[in-house]
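Take a look at the structure set out below.
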Number of protein chains: 2
Amino acid sequence: MTRALTAKGAATRQRIVAGTAELVRTRGADQVGLDDIRAATATSKSQLFHYFPDGRAELLRAVAEHEAGEVLDDQQPFLDGLGPAGSWQAWRDAVVEKYREQGVHCPLSALTTQLGPADPGIRVIVADLLETWHTRIADGVRRAQADGPAESSLEADKVASSILAAIQGGVVMMQATGNIEFLKVPLDAALAGIEPVADAGPVPDAVTM
Amino acid sequence: MTRALTAKGAATRQRIVAGTAELVRTRGADQVGLDDIRAATATSKSQLFHYFPDGRAELLRAVAEHEAGEVLDDQQPFLDGLGPAGSWQAWRDAVVEKYREQGVHCPLSALTTQLGPADPGIRVIVADLLETWHTRIADGVRRAQADGPAESSLEADKVASSILAAIQGGVVMMQATGNIEFLKVPLDAALAGIEPVADAGPVPDAVTM
DNA sequence: ACAAGGCTGGACTTCACAGTCCAGTCCGAT
DNA sequence: ATCGGACTGGACTGTGAAGTCCAGCCTTGT
C-alpha cells in the first residue's frame, strides 16, 4: 500500500481500478475474473499482483473505495448546496437522472450485497460512505430549517435517514422490477416534508405503480 | 419439474431446498457450493442432479421461490389485517423484530443482488414478490382509508411504494452499518401518514442516527 | 553510464467445483 | 413375487480461475 510508486506506476494502478470498477458495475462482481480485468485494462497477471499483492480481494477493496468516492463526487455540488428552496428539487432530479442512465448498474449495491457479506473490509467502506452521505443530507436539512423552506420541528438526522433509505430501497426495487417509479415515488415522499418536489420527467412508462 | 415424485422423493427435494436456503442466507449465494449442500442436507451429487437436472442454477431458482414464499408467509397474518388503528403498529413491530433477529441475513437481498443480475429467472421471482407485497400493503392502505385512521386523500399505491422502499432501503443500510435504527426510522416515517407508530423497543444501541 | 529497483509479459501450477456416469438399492403397482 | 422406475452413492472428468515464478525491460537517481 505505502510502497514507492512512480507516476507511471500510479497511472497503471489507477487504470486497473477504474477498468475493474467498470466491469463490476456492468456485470456484477462475481462475473469478473482476473482475465477479464487483464483484457479490459491491457495488463498482465504480474501487474495485477504487483499493485495488489493480496490479489483479487485487495483489488476489489480498492474498487469499493473508488466507487464510494464516485458516488459522493457525483453529488458533491448538489449536496453542498442543499438547503434553499429549489435545491432539493435539483438534487432529486440529479439522483433520479443518474440512476435512470445507470439502469440496473448500481456501483454500491454491487459491492454492498455481493462482496460486503464476504469481506468485512468492504462493509466498512460502505458504512463510511453511508455515514458521510447521511451527514451531508442532514446538514442540508438543518440549513433548510435555518434559512430555507423546511419547518424547524423536524429532526434532521431522522429525516436524512428516511431520505437515504428511500434512495437505497428505491434503487433495489428499481433493479428488481425495472421500473424507475419505485425510486421516484418514495424519494419524493421522503422529501415532501422539506420541500415538495415535482416529477418533471417524461410520461411514466408504466401504467401503475 | 412435472415429474413423478413419490412422498419420499418430495421430502428429499424439500430437504435440499430448505437446507440450501439456510446456507445461502447465512453465507451468501456465491459461498455455497454443491459439496456444502451435500454435507448440510445429507445427500449425494446424484440426488442433487436427480431433483434439479439443470444443476446449481435450477436449485438456486427453487431456493429463490422458497425464500420469496417465506417472506410473505411470515407476514401473512399481519398483512391481511392491515387497515384498522393499531394494525400498522403490529405489523411494523413484526417486521422490525424479524430483521433484528435475522441480522444481516436477509434472504431477499442475498438473492436480488447476488443472483438477480446473473439470472433473469430469479429477477422475475423477486419482481413478483415485490409486486404481491406492494399490492397487499396498498390494499391495507385503502382499508385504512375506508374504515381506519388514514386520510382518504392519500394515493394508496404511492404510499405503499414508499413503505416498501423504506423497508428495503432500511435493510440495506442496516446490513452495511449494523444499526437497526436505519430500518426503524425510515419505516416509521413512511407509516406516519397513515397511523403514527412508536418505537417500543429497547434503548437504542447507537448514540446517533 | 550504470546500478538498483520499480515495472511488465506470459507461461506454469494448483485447486476447487460443477457436472457426468454407472452400478446398485428401495418402493409401489400389478 | 416381481418388474419398472424412482431413488441413491460415490468415483471420475473437465474446466476455469486464482495465484506463482522468473526472465527481461524501463526509470530514476547519482
Side-chain angles (χ1 to χ4, degrees), chain A residues 1-24 26-64 110 114-115 118-119 121-122, chain B residues 1-21 23-24 26-64 111 114-115 117-119 121-122:
Chain A
M1 262 298 160
T2 56
R3 304 284 316 111
L5 248 303
T6 67
K8 188 181 179 188
T12 301
R13 196 193 126 102
Q14 168 60 20
R15 194 174 78 242
I16 295 172
V17 172
T20 305
E22 167 77 20
L23 287 176
V24 168
T26 51
R27 295 192 209 169
D30 54 343
Q31 298 300 311
V32 175
L34 295 189
D35 286 328
D36 300 311
I37 296 171
R38 273 194 341 91
T41 61
T43 50
S44 67
K45 271 282 180 65
S46 62
Q47 281 173 292
L48 262 30
F49 283 86
H50 179 72
Y51 294 105
F52 306 94
D54 282 349
R56 201 183 123 95
E58 185 180 352
L59 172 52
L60 287 177
R61 246 168 321 206
V63 168
Q114 284 173 27
L115 303 174
D119 186 335
I122 289 189
Chain B
M1 264 298 161
T2 55
R3 304 283 314 108
L5 249 305
T6 68
K8 188 182 179 186
T12 301
R13 195 194 129 102
Q14 168 60 21
R15 194 174 77 243
I16 295 172
V17 171
T20 305
L23 288 176
V24 168
T26 51
R27 294 194 208 167
D30 52 345
Q31 299 298 312
V32 176
L34 295 189
D35 286 329
D36 300 310
I37 296 170
R38 273 193 344 92
T41 61
T43 49
S44 66
K45 273 283 182 64
S46 61
Q47 281 173 293
L48 262 30
F49 283 86
H50 178 71
Y51 293 106
F52 306 94
D54 281 349
R56 201 182 124 94
E58 184 179 353
L59 171 52
L60 286 177
R61 242 165 303 163
V63 168
L111 294 166
Q114 285 173 26
L115 302 173
D119 187 335
I122 289 189

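Values below: every heavy atom of this structure, side chains too, minus hydrogens, waters and symmetry copies.
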Once you round it to whole Å, what is the distance between [atom2] of [N] and [atom1] of [X]?
| X | N | atom1 | atom2 | value |
| --- | --- | --- | --- | --- |
| Phe49(A) | dT13(C) | CZ | P | 17 Å |
| Arg13(A) | dT8(C) | CZ | C1' | 17 Å |
| Leu59(B) | dC17(C) | CG | P | 15 Å |
| Glu58(B) | dA18(C) | CD | P | 15 Å |
| Arg15(A) | dT8(C) | CZ | C1' | 11 Å |
| Leu60(B) | dA18(C) | CG | C1' | 12 Å |
| Arg38(B) | dG10(D) | CZ | P | 8 Å |
| Phe52(A) | dG19(D) | CZ | P | 13 Å |

Considering just the side-chain nitrogens and oxygens of [X], establish if one lies under 4.0 Å of OP1 or OP2 belonging to [N].
| X | N | result |
| --- | --- | --- |
| Thr12(B) | dT8(D) | yes |
| Thr6(B) | dC7(D) | yes |
| Gln47(B) | dT8(D) | yes |
| Tyr51(A) | dT8(C) | yes |

Heavy-atom check, side chain of [X] versus side chain of [Y], under 4.5 Å:
| X | Y | answer |
| --- | --- | --- |
| Leu59(A) | Asp54(A) | no |
| Thr20(B) | Phe52(B) | no |
| Phe49(A) | Leu34(A) | yes |

_So if I take every side-chain heavy atom of Leu34(B) and compare against dA18(C), dG10(C), dG9(D), which nucleotide ends up nearest?_
dA18(C)

*From dG9(C), dG19(C), dT20(D), pick the nucleotide closest to the side chain of Arg56(B)?*
dG19(C)

*N/O donor-acceptor pair, side chain Lys45(A) with base dG9(C), under 3.5 angstrom*: no

*Any donor-acceptor pair under 3.5 Å between the side chain of Lys8(A) and the base of dG6(C)?*
no

_Whichever of Val32(A) and Gly9(B) has its nearest DNA chain D nucleotide further upstream toward 5'_ = Gly9(B)

*If each of Asp35(B) and His50(A) is mapped to the nucleotide of DNA chain C with the nearest heavy atom, which maps nearer the 5' terminus, i.e. the 5' end?*
His50(A)

_Whether Asp36(B) and Arg27(B) form a salt bridge (side-chain N of Lys/Arg under 4.0 Å from carboxylate O of Asp/Glu) is what I want to check._
yes

_Check: Thr41(A) main-chain N/O paired with Arg15(A) side-chain donor or acceptor under 3.5 Å_ = yes

